[in-house]
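What follows is a single structure, written as structure tokens, with notes after it.
We count residues from 1, following the sequence as given.
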Amino acid sequence: MQEGYSIRDFNQGPATYADKELADKLFETSGLKNLSGKVVLDLMSGPGKVAIGLMSKSPDNYYVALDGVVDLLKEIKNPEIRSISGDARALPLRSDSVDLVVVRYGLKDVPQEQQVGVLKGIHVVLKPGKRLIIADMMSPNEMKEWINNQHSFKQQFNGRNILADGMCNIPTESEWIANLLEAKFHVDVVDYHISQVKTSDWVNGGQITSDQQKELDAFILAAPDEVKDKFNIRQEGGDVKVDYPVIIIRATKFDRNGENTDAESY
């Protein structure tokens with residue numbers, strides 16, 4: 001999967017990676033306004049778009065981008081953002097060392113049986129009272145199988161070996177919450193968003209080829225009517241378009257007594 005991931009062009013891919021509305025929601029949820037000196041981790045960062053966006057709004061903090069693909073980390077040209085090559089499943093960070101972790105569109109690509117473990121690892125590196133912000137796709141309860149099959153289909157075109165890498169898992173809202181509670185977080189669902197994607201975006205972003213797009217288009221257009229309605233699947237100007245639901249979650253690490261020990265308004 002890393003080989004396919006490393007050739008993605010996040011500047012040419014789906015517009016959601018540069019969506020100002022989503023970026024504003026992430027910043028508001030982060031609580032970084034008027035704060036300084038905080039350690040902020042952009043986890044599963046790719047080329048660090050989240051860290052770059054947050055830094056532009058709150059520059060007086062320390063920003064770290066962590067990803068398993070070194071070639072993408074090399075695209076970060078801002079010397080004030082520290083790049084770390086590492087696996088989200090075994091974070092190379094000290095316990096209680098981070099003030100804020102933000103993960104955008106990353107956790108769904110971790111196999112289901114490993115997702116809680118990743119969240120527990122994040123819990124370890126966060127300081128008590130500090131936050132994890134998740135912005136990621138969300139499966140409608142009755143359509144989880146379809147959306148996961150469609151996402152997995154695309155990922156396999158991009159080089160994911162299901163036997164070696166496992167299958168992605170886009171949780172439902174209740175599953176996102178349950179996973180975070182199992183990892184000992186206090187959970188607030190803050191907001192929702194819609195990621196509007198054209199399948200040609202995946203071609204432009206280097207995720208699939210034009211021939212693979214045709215196969216994906218056929219798969220998507222063959223969806224049952226109720227799925228088409230839920231995801232607003234349509235053809236416009238030769239493009240197949242899909243609206244994916246996104247959930248924005250704020251999860252807080254409380255101390256052993258269940259208290260928020262952070263003295264700041266955060």
Side-chain angles (χ1 to χ4, degrees), residues 1-5 8 13-14 16-17 22 42-46 50 66-69 86-91 101-124 132-185 187 189-195 197 199 202 205 207-208 212 216 219-220 223-224 226-227 230-231 233 242-251:
M1 183 64 183
Q2 282 199 9
E3 183 178 350
Y5 189 56
R8 288 190 185 182
T16 191
Y17 292 114
L22 179 57
D42 178 1
L43 182 60
M44 304 178 80
S45 65
V50 169
L66 190 152
D67 199 276
V69 181
D87 192 327
R89 296 166 294 186
L91 292 173
V101 178
V102 183
V103 194
R104 184 191 65 174
Y105 297 141
L107 287 171
K108 70 179 180 302
D109 294 328
V110 177
Q112 182 173 8
E113 64 273 12
Q114 298 176 13
Q115 286 180 348
V116 172
V118 172
L119 295 172
K120 287 180 176 179
I122 295 171
H123 192 279
V124 169
L132 161 65
I133 306 299
I134 296 172
D136 213 328
M137 292 169 64
M138 173 180 63
S139 292
N141 290 325
E142 67 279 15
M143 297 168 190
K144 181 177 178 180
E145 182 178 3
W146 185 88
I147 192 174
N148 273 286
N149 285 340
Q150 185 261 293
H151 188 63
S152 179
F153 192 14
K154 177 174 72 71
Q155 284 198 324
Q156 289 177 73
F157 281 147
N158 196 222
R160 186 173 188 132
N161 183 322
I162 297 299
L163 294 178
D165 303 324
M167 186 171 174
C168 60
N169 177 60
I170 302 171
T172 64
E173 179 172 344
S174 61
E175 288 170 340
W176 275 116
I177 294 170
N179 288 346
L180 284 158
L181 291 175
E182 186 175 344
K184 307 302 181 184
F185 282 100
V187 183
V189 175
V190 176
D191 210 339
Y192 302 93
H193 190 71
I194 295 295
S195 172
V197 175
T199 57
W202 298 331
Q207 296 183 51
I208 60 174
Q212 290 168 343
L216 271 169
F219 179 93
I220 292 169
E226 61 269 22
V227 172
K230 189 69 175 180
F231 294 101
I233 294 170
V242 188
D243 292 350
Y244 294 105
V246 173
I247 191 168
I248 300 171
I249 301 173
R250 177 178 59 232

Ring pair (Phe, Tyr, Trp, His ring centres under 6.0 Å) contacts touching residues 156-183 (sequence neighbours left out): Phe153-Phe157
Are the side chains of [X] and [Y] in touch, meaning some heavy atoms are under 4.5 Å apart?
X      : Y      : answer
Asn161 : Gln156 : no
Lys108 : Cys168 : no
Val187 : Leu181 : yes
Phe231 : Ile147 : yes
Val227 : Ile233 : yes
Leu22  : Ile248 : yes
Asn169 : Gln115 : yes
Gln112 : Met167 : no

So which atom in [X] and which in [Y] form the shortest heavy-atom distance, rounded to 0.1 Å?
X      : Y      : answer
Val246 : Ala135 : CG1-C, 4.3 Å
Ser45  : Asp67  : N-OD2, 3.2 Å
Val103 : Leu43  : CG1-O, 3.7 Å

[atom1]/[X] to [atom2]/[Y] distance, rounded to the nearest 0.5 angstrom?
X      : Y      : atom1 : atom2 : result
Met44  : Asp42  : CE    : CG    : 11.0 Å
Ile122 : Leu132 : CD1   : CG    : 5.0 Å
Ile247 : Ser139 : CD1   : OG    : 11.0 Å
His151 : Leu216 : NE2   : CG    : 11.0 Å
Asp109 : Gln114 : CG    : CD    : 12.0 Å
Ile134 : Leu180 : CD1   : CG    : 4.5 Å

With no hydrogens and no angle check, is any side-chain donor or acceptor of [X] less than 3.5 Å from a backbone partner on [Y]?
X      : Y      : answer
Arg89  : Val110 : no
His123 : Phe185 : no
Asp243 : Ile194 : no
Asn179 : Val116 : no

Within 6.0 angstrom of Glu145 CD, more than 12 heavy atoms from elsewhere: no
Flag if over 12 foreign heavy atoms under 6.0 Å of NZ, Lys144: yes
Aromatic plane relationship, Phe219 with Trp146 - under 30° parallel, 30 to 60° tilted, over 60° perpendicular: parallel
Residues Ile133, Val101; criterion side chain to side chain contact (heavy atoms under 4.5 Å, CB included); working and verdict: CA-CA 6 Å; Ile133 306 299; Val101 178; over 6 Å; no
Ring pair (Phe, Tyr, Trp, His ring centres under 6.0 Å) involving His193 - partner list, sequence neighbours excluded: none
Residues which pass ring pair (Phe, Tyr, Trp, His ring centres under 6.0 Å) with Tyr192, listed by chain and number, not counting sequence neighbours: none
Stepwise side chain to side chain contact (heavy atoms under 4.5 Å, CB included) check, Val197 with Ser195: CA-CA 6 Å; Val197 175; Ser195 172; 3.6 Å; yes
Residue pair Ile220, Gln150: steps toward the side chain to side chain contact (heavy atoms under 4.5 Å, CB included) verdict: CA-CA 7 Å; Ile220 292 169; Gln150 185 261 293; 3.9 Å; yes
Intermediate values then yes/no, side chain to side chain contact (heavy atoms under 4.5 Å, CB included), Met143 and Glu226: CA-CA 9 Å; Met143 297 168 190; Glu226 61 269 22; 4.0 Å; yes
From CA spacing to verdict: side-chain hydrogen bond (donor to acceptor under 3.5 Å, both in side chains), Thr16, Tyr244: CA-CA 10 Å; Thr16 191; Tyr244 294 105; over 6 Å; no
